[in-house]
Asker: 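One structure is given below, represented as C-alpha cells, and several questions about it will come after.
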Amino acid sequence: MNKPTIPQGTRDFNAATIYKRNYILNTIRNAFQLYGFEALETPAMENIDTLMGKYGDEGDKLIFKILNNGLDNPAKQAEVTAAFQKVLEGKTNKQITERALRYDLTIPFARYVAMNYGQLTFPFKRYQMQPVWRADRPQKGRYREFYQCDADIVGSNAMINEVELAHLYAHVFNMLNLPVTIKINNRKILAALADMCGGAEKLTDITIAIDKLDKIGIDKVKEELQQRNLTATQIETISEFLKIQGTNEEKLNTLSNSIGNHPSGKEGISDLQFILAQQTTGNPLPLEIDVTLARGLNYYTGTIFEVKAIGYNIGSIGGGGRYDNLTGLFGLPNVPGVGISFGVDRIYDVLEGLDLFPKQLIKCSTVLFFNLGKDESNRSFTLLQTLRAQNISGELYHEPAKLDKQFKYAEKKGIPLVVIIGSKELAENTCTVKQLATGQQVTFTQSDLLNYIATLESGL
RNA sequence: GAGAGCGUAGCUCAGUUGGUUAGAGCGACAGUUUGUGGCACUGUAGGUCGUGGGUUCGAGACCCAUCGUUCUCCCCA
C-alpha cells in the first residue's frame with residue numbers, strides 16, 4: 001500500500017501550529033468585535049453561478065469546481081457526454097458541475113446580503129473568518145487552502161468607513177507586534193489617468209503595466225505600455241504621473257497637479273485626503289499612498305488597500321477596497337460597500353520568519369500524575385479530577401512504569417508539574433510535587449494539593 | 001498556464017569518474033538505573049534509494065517517462 005498523502009497545497013496543522021494560528025485568529029476576531037462587526041459564516045461551497053465571472057478570467061480558472069454526483073447514471077450517458085464535450089471546449093457546464101468551493105469571502109457575503117436584504121440593518125457590518133480555496137500552483141506563501149478574515153461594511157458611502165478599516169488594520173498589526181505598511185490608492189485616480197490616456201478601456205492595460213513599476217523600473221513599464229498599444233503622448237502622461245514621490249502630502253500635491261482637474265481624479269484625491277486626515281493624535285497609521293497599487297479583483301471602484309509586512313518578503317498579507325455595486329451582481333442594486341481582508345497564513349509565515357510569536361503560547365497539561373500502581377493511580381485519579389473541576393488541566397500516566405520513563409514523558413510534552421503518589425505517599429495521605437524546570441520538590445498532605453498548584457500555576 | 005531545482009532511515013543529510021554488503025547525526029526503543037527527568041555510555045530496530053522503463057558485465061549515481069515536492073514568472077492572501 002502506498003503512503004497516504006494530502007492534496008497539493010493543503011497542510012495538516014499540529015498542536016504547536018494551531019496554538020500560533022489561534023493567537024492570530026483570536027487577535028483578529030477580538031479586533032473585529034471591538035470595532036462593532038458581527039459574525040457571519042457561509043458554506044464551503046456555493047452554486048457555481050455565484051462565483052463564476054466575479055474574479056476575472058484568471059479567477060475563473062482558479063475556482064475549484066465540484067463534480068456532480070450521478071454522472072455515471074447510464075440513463076443520462078448521452079447528455080453527460082455532450083456536456084463534457086463543452087467542458088473540453090473550456091466552458092463550465094451545469095450537467096457536469098453546478099457547485100464550486102468558496103474562492104474568497106467577499107462574493108459569498110454579497111450573495112448573502114442580496115438574499116437577506118430585508119432582514120438586515122444597514123449599514124451592515126460583518127466579519128467572517130473561514131478557509132477559501134484556489135487552484136493556484138502552490139509556492140512560498142501560496143496555498144490552495146488558506147484562511148481569510150474579512151470585515152466589510154455595506155450600505156454606506158461614508159468615507160468614515162475607510163477610516164475605520166484603516167484603523168482596524170493598524171490595530172491588529174499593532175497587537176501582533178508586526179511592522180507593516182498599509183498602502184492605499186483609489187481606483188478613481190487610476191480611472192482618471194486612464195480617461196486622460198485614451199479612455200476607460202485602457203484602464204486594465206495601464207494598471208497591469210504600472211503595477212510592475214517597483215519590480216521592473218520605469219523604462220520597462222514604458223516598453224510594456226507601448227506593447228499594449230498606448231501612444232507616445234499617453235505614455236508620457238503616465239510616466240509624469242508615476243514620478244510622484246515623497247511624503248503622502250507631497251504625493252497628493254503632485255497628484256493634484258497632474259490629474260486634479262479631472263472630475264474623477266479630484267474625487268479620488270479628496271478621498272485619500274479624508275482618510276489621511278483622520279489620524280488619531282500622536283500615533284499615525286502606517287499609511288502610504290501608492291499610485292501604482294491597482295489590485296486585480298474587478299469589483300473595486302474607490303479606495304483600495306494592500307498591506308505589506310516590513311522586513312519579510314511574502315507578497316501582501318492583506319487587501320481590500322471599496323466597491324459600489326457588488327450586490328448588483330445578485331440583483332440588488334445601489335448597495336455600496338467597503339471591506340478588508342487579512343491573510344492569516346501569510347501573517348503566520350511572517351511572524352514565524354521574524355520570530356514574533358510570543359513564547360508560552362503552547363497550552364497542554366499543567367500537571368502529570370505519575371502512575372505507580374493500581375491503588376496509587378486510583379488515588380491520583382481522584383485528585384486529578386478535583387484539579388480538573390477547578391479548571392487545572394492535567395493527566396494521569398496511562399500505565400505503571402519506571403519514574404524515569406514518566407519523567408521523560410512529562411518533559412517531552414512540556415508539562416511543568418508532576419505529582420508523585422507512590423506506596424509511601426498513599427499510606428501517609430501525602431503527595432510529592434516536583435517542578436520540572438527547577439527540580440524543586442515538596443511533599444505535603446493531599447488536601448493541600450489544589451491550593452498549592454493553584455498558587456503555583458499563575459507563575460508557570 | 002510557462003519555467004527551474006530537488007526526491008537516499010521517522011527527521012536533516014552524506015554517498016568519489018557508474019564497482020562488492022548504502023552510511024552519519026538527531027530522533028525512537030532497550031539497557032547501565034524497579035522512588036526521581038535533562039547529561040553520559042552501550043546496544044537494538046528502522047531503507048521497494050519516489051515509481052516505471054531504458055543504457056551497462058554492473059545503476060542510489062547516467063537516459064526517458066511519471067508522480068510528489070520546493071521555487072520563479074503570471075496572478076494573488
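Heavy-atom basis, side chains included; hydrogens, waters and symmetry copies ignored. Small disclaimer: the values here were computed from a predicted structure and weren't measured.
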Asker: Please give the nucleotide sitting opposite B:rA65 as a Watson-Crick or G-U wobble pair, both distances under 3.5 Å, or none.
Answerer: B:rU51

Asker: If we take the P atom in both B:rC76 and B:rC67, what is their distance in whole Å?
Answerer: 29 Å

Asker: What nucleic acid atoms does A:T5 come within less than 4.0 Å of, heavy atoms only: base, sugar-phosphate, or nothing?
Answerer: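 Nothing: the residue A:T5, judged by heavy atoms under 4.0 Å, touches no strand.
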
Asker: Any N or O donor-acceptor pair under 3.5 Å from the base of B:rC76 to the side chain of A:R137?
Answerer: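 In this structure, the two groups form no donor-acceptor pair.
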
Asker: Could you please name the option among B:rU72, B:rC74, B:rU33 that lies closest to any side-chain atom of A:K212?
Answerer: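 Minimum distance to the A:K212 side chain belongs to B:rC74.
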
Asker: Looking only at atom C1', what distance separates B:rG7 and B:rG60, rounded to whole Å?
Answerer: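 Here B:rG7 and B:rG60 have their C1' atoms 11 Å from each other.
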
Asker: Say we look at B:rG15 and B:rG37: how far apart would their C1' atoms be, to the nearest angstrom?
Answerer: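 Between the two C1' atoms, the distance is 38 Å.
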
Asker: In the strands shown, is B:rU12 matched to any nucleotide by a Watson-Crick or G-U wobble pair with both distances under 3.5 Å, and which?
Answerer: B:rA24

Asker: What is the distance from CD of A:Q148 to P of B:rC76, rounded to the nearest Å?
Answerer: 13 Å

Asker: Under a 3.5 Å limit for both distances, which nucleotide forms a Watson-Crick or G-U wobble pair with B:rU17, could you say?
Answerer: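 The answer is none; no pair meets the criterion.
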
Asker: From the list B:rA77, B:rU36, B:rC71, which nucleotide is the closest neighbour of the side chain of A:Q139?
Answerer: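 Looking only at heavy atoms from C-beta outward on A:Q139, the closest nucleotide is B:rC71.
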
Asker: Mind calculating the distance between CD1 (A:I314) and P (B:rU72) to the nearest angstrom?
Answerer: 10 Å

Asker: A:E425 near the nucleic acid: base, sugar-phosphate alone, or nothing, with a heavy-atom cut-off under 4.0 Å?
Answerer: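 The residue A:E425 makes base contact.
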
Asker: Take the protein atom CZ of A:F407 and the nucleotide atom C1' of B:rG35, then report the distance between them rounded to whole Å.
Answerer: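 Taking CZ of A:F407 and C1' of B:rG35, I get 9 Å after rounding.
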
Asker: Between B:rC76, B:rC29, B:rU36, which one does the side chain of A:R134 approach most closely?
Answerer: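 Output: B:rC76.
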
Asker: Roughly how many Å apart are B:rU70 and B:rU12, using the P atom of each and rounding to a whole number?
Answerer: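 12 Å, rounded to whole Å.
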
Asker: If you only use heavy atoms from C-beta on, which nucleotide in B:rG38, B:rC75, B:rA77 is closest to the side chain of A:E411?
Answerer: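 So the nucleotide nearest the side chain must be B:rG38.
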
Asker: Does a donor on one side chain and an acceptor on the other come within less than 3.5 Å for A:R137 and A:Q8?
Answerer: no

Asker: Which of these nucleotides, B:rU36, B:rG37, B:rC75, is closest to any side-chain atom of A:I420?
Answerer: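 Among B:rU36, B:rG37, B:rC75, the one nearest the side chain of A:I420 is B:rU36.
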
Asker: Would you indicate what A:Y143 reaches in the nucleic acid, counting non-hydrogen atoms under 4.0 angstrom: base, sugar-phosphate, or nothing?
Answerer: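 The residue A:Y143 makes base contact.
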
Asker: Could you tell me the separation between the CG atom of A:D211 and the C1' atom of B:rC75, rounded to a whole number of Å?
Answerer: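 To the nearest whole Å, that distance equals 10 Å.
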
Asker: Take atom C1' in B:rA4 and the same atom in B:rU44, then report the distance between them in whole Å.
Answerer: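 Their C1' atoms lie roughly 43 Å apart.
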
Asker: Check for me whether A:R322 meets the cation-pi criterion with A:Y300, that is, NZ or CZ under 6.0 Å from the six-membered ring centre and within 45 degrees of the ring axis.
Answerer: no

Asker: Once you round it to whole Å, what is the distance between P of B:rU34 and OH of A:Y397?
Answerer: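 Nearest whole value for this atom pair: 16 Å.
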
Asker: Look at A:R144 together with A:D136 and state whether they make a salt bridge at an N to O cut-off of under 4.0 Å.
Answerer: no

Asker: Take A:P7 and A:G315, find for each the nucleotide of RNA chain B with the closest heavy atom, and name the residue whose nucleotide sits nearer the 5' end.
Answerer: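 Closer to the 5' end of RNA chain B: A:P7.
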
Asker: Suppose we call two aromatic rings close when their centres sit under 6.0 Å apart. Are A:Y103 and A:F64 close by that rule?
Answerer: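 No, the ring of A:Y103 stays outside the 6.0 Å limit from the ring of A:F64, centre to centre.
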
Asker: Scan every strand shown for a Watson-Crick or G-U wobble partner of B:rC29, both distances under 3.5 Å, and answer none if you come up empty.
Answerer: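 Matched B:rC29 with B:rG43 under the 3.5 Å cut-off.
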
Asker: NA contact type, A:G439, heavy-atom cut-off 4.0 Å: base, sugar-phosphate, or nothing?
Answerer: base

Asker: Please state whether the rings of A:F173 and A:F342 are parallel, tilted or perpendicular, taking 30° and 60° as the class boundaries.
Answerer: tilted

Asker: Suppose we define a pair by two distances each less than 3.5 Å, Watson-Crick or G-U wobble; what does B:rC73 pair with here?
Answerer: B:rG1

Asker: Would you indicate which nucleotide in B:rC75, B:rU33, B:rC29 comes nearest to any side-chain atom of A:K402?
Answerer: B:rU33

Asker: Give A:G318 one of three labels, base, sugar-phosphate or nothing, depending on what nucleic acid heavy atoms sit under 4.0 Å from its own.
Answerer: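 If one applies the 4.0 Å heavy-atom cut-off, A:G318 turns out to touch the sugar-phosphate alone, with no base involved.
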
Asker: Which whole-number value in Å describes the distance from A:Y348 OH to B:rA77 C1'?
Answerer: 17 Å

Asker: Does a side-chain N or O of A:K405 approach OP1 or OP2 of B:rA30 to a distance below 4.0 Å, or not?
Answerer: yes

Asker: Starting at CG of A:L436 and ending at P of B:rG37, how long is that distance when rounded to a whole Å?
Answerer: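 Going from CG in A:L436 over to P in B:rG37 covers 10 Å.
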
Asker: Categorize A:D345 for me: base, sugar-phosphate, or nothing, with a 4.0 angstrom heavy-atom threshold over every strand shown.
Answerer: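 Here A:D345 touches no strand at all.
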
Asker: Is it the case that over 12 heavy atoms from other parts of the model lie below 6.0 angstrom from the CZ atom of A:F444?
Answerer: yes

Asker: Rounding to an integer number of angstrom, what distance separates B:rG35 and B:rG31 when you compare their P atoms?
Answerer: 13 Å

Asker: Reckon A:K308 touches a base, only the sugar-phosphate, or nothing at all at heavy-atom distances under 4.0 Å?
Answerer: nothing

Asker: Do the side chains of A:R228 and A:E224 get close enough for a salt bridge, i.e. N-O under 4.0 angstrom?
Answerer: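 A:E224 and A:R228: salt-bridged.
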
Asker: Just call it for A:G141: base, sugar-phosphate, or nothing, with non-hydrogen atoms closer than 4.0 Å on any strand.
Answerer: base

Asker: Heavy atoms only, 4.0 Å cut-off, all strands: where does A:I317 land among base, sugar-phosphate and nothing?
Answerer: sugar-phosphate

Asker: Taking atom types as they are modelled, would you say the side chain of A:Q441 forms a donor-acceptor pair with the base of B:rG35 within the 3.5 Å cutoff?
Answerer: no

Asker: C1' atom, B:rG18 versus B:rG54: distance in rounded Å?
Answerer: 15 Å

Asker: Taking atom types as they are modelled, would you say the side chain of A:K434 forms a donor-acceptor pair with the base of B:rG37 within the 3.5 Å cutoff?
Answerer: yes

Asker: Determine the interplanar angle of the A:Y169 and A:F305 rings, folded into 0 to 90°, and report it as parallel if under 30°, tilted if 30 to 60°, perpendicular if over 60°.
Answerer: perpendicular

Asker: Hey, what's the ring geometry for A:F407 with A:F370, parallel, tilted or perpendicular (30° and 60° as the breaks)?
Answerer: perpendicular

Asker: Whole Å only: how far is the CG atom of A:L368 from the P atom of B:rU36?
Answerer: 17 Å

Asker: In whole Å, what separates the C1' atom of B:rC64 from that of B:rG47?
Answerer: 26 Å

